Amino acid sequence: MSPRRDAAEPARPRRTGRRPGSPDTREAILNAAREAFAERGYDATPIRAVAAAAGVDPALVHHYFGTKEDLFRAAMAIPIDPAALVPRVMAGGPDEVGERLVRTFLSVWDSPAGVAAVALLRSAVSNQWTARLLREFLTTQILRRVVAQLDLDPAEVPLRGALVATQVAGLAMMRYVIHLEPVASASPDTLAATIGPTLQRYLTGPLEQTR
């Protein structure tokens, strides 16, 4: 026979509310973040929306991942910090930023950290959800940082960024996924010298637009 509870002893409250921290909680946050970023985009996804979808308090999201930018990088499983790449691209001023952009991308893709980026690119070909995440990563985490440091007409920024993305993503696809020769085996110097001027025109040159 179980002992009787003392009448003066308060009953223990039943646990309710949001999920406490655990490895499962971390994965739930990442899954919610991937879905939210793919569906809404980076800019339109607040931390509180990710937290609500994962069933946790927003403070727990910050505890695990820090800022929204850190959460996005974790959701993408990209082991590089875009903020650290931009100073390399912009070093020396805007006149040769196109060439330096190619060199910087190649230095990442050709390194061990590039394995995850190439895997993401392969997945984006057949998975619309992954393609959206890759698009958000390129446009908001890398290209936006670059164009923000150039003296550009704000009305032209979206088109210029998109044009650069076509070249960058196309180069990655041909070199690392399709292995198109001689692009696949060309040196970074060769690719930077030949593709860089095209990126430079997209970034700082005149744009021909039909009205």
Side-chain angles (χ1 to χ4, degrees), residues 18-19 21-91 94 97 100-109 111-124 127-150 152 154 157-166 168-169 172 199 203:
R18 298 181 181 273
R19 179 184 299 153
S22 71
D24 291 341
T25 300
R26 189 179 190 279
E27 190 60 31
I29 294 172
L30 285 176
N31 288 335
R34 293 184 188 107
E35 292 182 8
F37 287 132
E39 180 179 351
R40 303 183 181 194
Y42 177 81
D43 292 333
T45 301
I47 287 288
R48 63 179 180 275
V50 174
V56 301
D57 190 275
L60 196 58
V61 179
H62 289 293
H63 170 74
Y64 274 117
F65 300 103
T67 65
K68 184 171 81 167
E69 180 181 318
D70 295 330
L71 174 62
F72 186 52
R73 285 173 50 203
M76 293 286 294
I78 296 293
I80 59 172
D81 182 2
L85 301 180
V86 174
R88 293 164 54 183
V89 175
M90 299 307 301
V97 66
R100 290 194 299 271
L101 186 61
V102 175
R103 291 182 186 279
T104 300
F105 268 106
L106 291 175
S107 71
V108 172
W109 284 328
S111 72
V115 174
V118 174
L120 185 66
L121 186 64
R122 289 179 182 275
S123 177
N127 188 303
Q128 185 178 16
W129 180 72
T130 308
R132 291 176 180 177
L133 287 175
L134 181 59
R135 178 195 65 200
E136 289 296 309
F137 180 77
L138 284 174
T139 57
T140 68
Q141 302 302 302
I142 297 179
L143 297 179
R144 177 185 292 176
R145 296 175 187 271
V146 173
V147 299
Q149 300 190 44
L150 300 173
L152 301 176
V157 166
L159 178 58
R160 290 183 183 277
L163 290 172
V164 171
T166 65
V168 170
L199 296 188
L203 286 169

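A quick note: this is a predicted structure, and the numbers were derived from the prediction, not measured. Position 1 is the first residue of the sequence; numbering continues from there.
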Among Val168, Val115, Leu121, Thr104, side chain to side chain contact (heavy atoms under 4.5 Å, CB included) partner for Trp109: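 It is Val168; the other options fail the test.
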
Matching residue for Arg144 among Asp43, Leu138, Val157, Val86 - test: side chain to side chain contact (heavy atoms under 4.5 Å, CB included):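 Option passing the side chain to side chain contact (heavy atoms under 4.5 Å, CB included) with Arg144: Asp43.
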
Looking at [atom1] of [X] and [atom2] of [Y], how far apart are the two atoms once the value is rounded to the nearest 0.5 Å?
X      : Y      : atom1 : atom2 : answer
Arg122 : Asn127 : CZ    : CG    : 15.0 Å
Thr139 : Leu134 : OG1   : CG    : 9.0 Å
Ile142 : Leu101 : CD1   : CG    : 8.5 Å
Phe65  : Arg26  : CZ    : CZ    : 4.0 Å

Q) Looking only at atom types and distance, does a side-chain atom of Thr166 sit under 3.5 Å from a main-chain N or O of Leu163, one as donor and one as acceptor? A)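 Answer holds: yes.
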
Are the side chain of Thr45 and the backbone N or O of Arg40 linked by a donor-acceptor pair below 3.5 Å?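 A pair under 3.5 Å: no.
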
Taking all heavy atoms of [X] and all of [Y], pick out the closest pair and write down the distance.
X      : Y      : value
Val61  : Ala51  : CG2-CB, 3.8 Å
Leu133 : Ala38  : CD2-N, 3.7 Å
Ala165 : Leu143 : CB-CD1, 3.7 Å
Ala28  : Ala54  : O-CB, 3.8 Å
Ala124 : Thr130 : N-CG2, 3.9 Å

field: Residue of the set Glu39, Glu136, Glu27 for which salt bridge (charged side-chain N to carboxylate O under 4.0 Å, His left out) holds with Arg34
entry: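 One option only clears the test, and that one is Glu27.
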
Side-chain heavy-atom pair [X], [Y] within 4.5 angstrom cut-off:
X      : Y      : value
Glu69  : Gln141 : yes
Tyr64  : Leu71  : no
Leu60  : His63  : yes
Met76  : Arg73  : no
Leu150 : Met90  : yes

If the plane angle is over 60° it's perpendicular, under 30° parallel, otherwise tilted; pick one for Tyr42 and Phe37.
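Correct class here is parallel.
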
Exercise for review: Take Phe105 and Leu85, measure what side chain to side chain contact (heavy atoms under 4.5 Å, CB included) needs, and give me the verdict at the end.
Suggested key: CA-CA 9 Å; Phe105 268 106; Leu85 301 180; over 6 Å; no

